[in-house]
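Atoms considered below: every heavy atom in the structure, side chains included; atoms not considered: hydrogens, waters and symmetry mates. Predicted model only: the values in this text are computed from it and were never measured.
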Amino acid sequence: MPKLQYVVYKLTFPNGKIYVGMDIGGSGHSLRYFGSWNNDLVEADFSTEELRDFTLRKEILFESDDKNEVRREEMRLICALQSNNPEIGYNLRPKFRS
């Protein structure tokens with residue numbers, strides 16, 4: 001069975017906001033891993049009813065067998081996609097500067 005290496009991924013939430021993260025654990029990417037985004041921050045954007053039927057889209061943006069390369073690419077993509085801008089995404093770091 002094919003297995004992805006270490007990855008940078010983008011999650012797209014039902015409201016269109018995004019989160020960029022990386023998976024560098026174990027021997028490579030786990031399909032079950034959806035990152036460490038701030039649950040309270042995300043939940044605040046949705047009603048209880050919306051949370052009852054909630055779909056995330058997960059896209060792999062970058063893949064490598066080098067964890068340091070994945071770390072660098074994650075930071076580059078967070079900034080490039082502005083997922084740290086509260087109007088666009090849920091990444092808290094690096095701190096967004098307008």
Exercise. For R57 and E59, what are the C-alpha separation, side-chain angles and deciding distance, and is it a salt bridge (Lys or Arg N to Asp or Glu O under 4.0 Å)?
Worked result: CA-CA 7 Å; R57 178 178 183 200; E59 299 171 77; 3.6 Å; yes
Heavy-atom side-chain proximity of Y19 to S83 below 4.5 angstrom = no
For L77, the hydrophobic cluster (side chain heavy atoms closer than 4.5 Å, chained through members) also holds Y6, V8, I18, V20, M22, I24, L61, F62, V70, M75, I78, L81, I88
Applying salt bridge (Lys or Arg N to Asp or Glu O under 4.0 Å) to E43 and not counting sequence neighbours gives none
All heavy atoms of H29 vs all of I60, minimum pair found to be NE2-CD1, 3.9 Å
*Looking at side-chain heavy atoms only, is the closest gap between E69 and R72 below 4.5 Å?*
yes
message: Applying salt bridge (Lys or Arg N to Asp or Glu O under 4.0 Å) to E49 and R52, what does each step give before you reach the verdict?
response: CA-CA 5 Å; E49 193 59 35; R52 292 182 198 284; 3.4 Å; yes
### Message
Just so I know, are the side chains of W37 and L11 near enough to count as touching, which here means a heavy-atom distance under 4.5 Å?
### Response
yes
Apart from F96 itself, members of its ILVMFWY cluster (side-chain separation under 4.5 Å) are none
Residues at least two apart in sequence or cross-chain that pass salt bridge (Lys or Arg N to Asp or Glu O under 4.0 Å) with R93, listed by chain then number, are none
Is K58 positioned over the aromatic face of F34, cation under 6.0 angstrom from the ring centre and no more than 45 degrees off axis? yes
Nearest heavy-atom contact between Q5 and S64 is OE1-C, 2.8 Å
Before giving the answer on salt bridge (Lys or Arg N to Asp or Glu O under 4.0 Å), spell out for R76 and E73 the whole-Å C-alpha distance, their side-chain angles and the decisive distance to 0.1 Å. CA-CA 5 Å; R76 188 191 74 74; E73 190 64 11; 2.7 Å; yes
Residue set satisfying salt bridge (Lys or Arg N to Asp or Glu O under 4.0 Å) with D45, at least two apart, ordered chain then number -> K17
For L41 and N38, the nearest pair of non-hydrogen atoms, with its separation, is N-OD1, 2.8 Å
Contacts satisfying salt bridge (charged side-chain N to carboxylate O under 4.0 Å, His left out) that involve residues 30-41 (not counting sequence neighbours) are none
With a 4.5 Å cut-off on side-chain heavy atoms, are N85 and N91 touching? no
Is any side-chain heavy atom of N84 closer than 4.5 Å to a side-chain heavy atom of L92? no
